Protein chains: 2
Amino acid sequence: MSTDFETLLRTAGSKVTPGRLALLKTLHKERRPVPVSYLEKKLTKNLDRVSLYRALDALVGAGIVTSIDFHHGHSHFELAVERPHHHHIVCTSCDTIEDTLCDMTPILAAVAKQSKKFAQVTNHSTEFFGLCRVCAR
Amino acid sequence: MSTDFETLLRTAGSKVTPGRLALLKTLHKERRPVPVSYLEKKLTKNLDRVSLYRALDALVGAGIVTSIDFHHGHSHFELAVERPHHHHIVCTSCDTIEDTLCDMTPILAAVAKQSKKFAQVTNHSTEFFGLCRVCAR
DNA sequence: AGTATAAACGCAATTTAGTTGCATATGAAA
DNA sequence: TTTCATATGCAACTAAATTGCGTTTATACT
């Protein structure tokens with residue numbers, strides 16, 4: 001899997017700019033879904049808020065970054081490349097996150113087959129909520 | 001299959017108020033996920049914005065209403081009772097929504113088994129995205 | 001290398017979503 | 001019918017995300 005962010009940006013039809021490279025580098029380091037506020041702080045010297053949102057938009061559109069909703073009132077973002085497709089379990093008490101691999105392909109097939117209105121199911125987002133072992137006591 | 005909103009509110013530990021009854025009635029009529037802005041307009045005479053949010057909070061907490069995120073920058077809400085558990089496919093081009101039944105129980109079991117940090121998986125949210133037949137052309 | 005141009009950028013202002021504090025009103029239980 | 005916790009409304013506020021616009025810059029093409 002490539003750490004070649006430059007190529008990634010090119011394939012996304014985006015220009016290779018210092019700001020966007022810094023963004024990808026940060027997401028790559030984090031390896032977890034992070035809120036925009038966090039990226040904003042980390043990248044103050046590279047991208048302002050507006051450019052950050054626009055970059056994220058472009059990257060999500062190109063499938064390079066995933067937008068995730070944990071029902072926290074704001075989006076989280078995670079690098080979608082370099083790792084197998086996965087989902088997250090979130091503790092509703094302490095917000096701990098754990099990655100979880102899960103195979104949605106049979107479900108996707110069933111949904112596509114069942115649907116009357118849709119020509120294709122291109123994407124899905126799934127989050128699990130629960131109680132972590134610490135909070136469960 | 002009860003349309004007995006009064007009982008619903010009571011079991012949720014909530015008081016039976018005209019505003020909350022009107023809210024449930026509206027969600028019942030709609031039978032689809034609606035944004036808060038929509039409810040706000042429909043219910044101006046019954047509940048102001050703040051009371052609406054607080055009522056939704058209570059109902060979601062009690063499992064009577066589901067909060068759904070279509071990546072539109074705001075939440076949608078749908079009545080969770082009176083209907084089998086289901087998910088939604090959203091057209092990324094025109095926002096058409098179609099309900100879809102899908103059985104996540106095997107997935108949930110797999111996730112729970114696989115998880116190291118979590119004691120229980122209590123909930124999940126899944127949305128599918130795609131192109132409807134109209135937009136696909 | 002030099003230049004043209006569309007994409008990216010930064011800043012200020014704005015919109016939209018959701019929340020807090022507090023005083024008042026009201027449903028439900030005794 | 002009194003009591004009291006819960007629900008409500010309003011105003012003010014915080015936070016999230018977007019728009020408009022003038023400037024800069026990466027890249028494609030001489």
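The sequence lines fix the lettering, A, B, ..., with proteins before strands; numbering per chain opens at 1. Small disclaimer: the values here were computed from a predicted structure and weren't measured.
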For B:Arg54 and D:dA5, what is the distance between atoms CZ and C1' respectively, to the nearest whole Å? 14 Å
Looking across every strand, which nucleic acid part, if any, lies under 4.0 Å from A:Asp57 by heavy atom: base, sugar-phosphate, or nothing? nothing
Is there a donor-acceptor contact under 3.5 Å linking the side chains of B:Glu98 and A:Ser115? yes
Quick one: does NZ or CZ of A:Arg32 land under 6.0 Å from the six-membered ring centre of A:Tyr38, within 45 degrees of the ring axis? yes
Touch class at under 4.0 angstrom, heavy-atom based, for A:Ser14 against every strand present: sugar-phosphate
For B:Arg20, answer base if it contacts any base atom (sugar-phosphate contacts may also be present), sugar-phosphate if it contacts only those atoms, and nothing otherwise; contact means non-hydrogen atoms under 4.0 Å. sugar-phosphate
What I want to check is whether an N or O donor and acceptor connect the side chain of B:Arg49 with the base of D:dG9 at under 3.5 Å. no
May I have the step-by-step check of side chain to side chain contact (heavy atoms under 4.5 Å, CB included) for B:Glu78 and B:Arg83, ending in yes or no? CA-CA 11 Å; B:Glu78 185 178 44; B:Arg83 307 180 59 186; 3.3 Å; yes
Roughly, in whole Å, what's the span from NE2 in B:His74 to P in C:dT19? 15 Å
Going by modelled atom types, is there a donor-acceptor pair between the base of D:dT27 and the side chain of A:Lys15 at under 3.5 Å? no
Between D:dT8, C:dA28, C:dG18, which nucleotide gets closest to the side-chain atoms of B:Ser75? C:dG18
Short side-chain N/O contact from B:Thr17 to OP1 or OP2 of D:dT6, under 4.0 Å: no
Given DNA chain C, 5'-ward residue of the pair A:Ala58 and B:Phe77, judged by closest heavy atom: A:Ala58
Measure the distance from CG on A:Leu47 to P on D:dA26 and round it to the nearest whole Å. 13 Å
Length of the NE2-P vector between A:His72 and C:dT19, whole Å: 12 Å
With distance as the sole criterion, do the side chain of B:Arg10 and the base of C:dG27 form a donor-acceptor contact below 3.5 Å? no
What about the rings of B:His88 and B:Phe128, do their centers lie closer together than 6.0 Å? no
Expressed as a whole number of angstroms, how long is the span from B:Lys45:NZ to D:dT8:C1'? 18 Å
Integer-rounded Å distance: D:dA15 P and A:Glu40 CD: 12 Å
Grab the CG-P distance between A:Leu52 and D:dT18 for me, whole Å please. 11 Å
What is the distance, rounded to the nearest whole Å, between atom NE2 of A:His71 and atom P of C:dA17? 17 Å
Using a cut-off of strictly less than 4.0 Å, decide whether A:Ser51 has a side-chain nitrogen or oxygen near OP1 or OP2 of C:dA8. no
Could you check whether B:Glu127 and B:His87, counting side-chain N and O atoms only, form a donor-acceptor pair closer than 3.5 Å? no
What does A:Val50 touch in the nucleic acid at a heavy-atom separation under 4.0 angstrom: a base, only the sugar-phosphate, or nothing? base
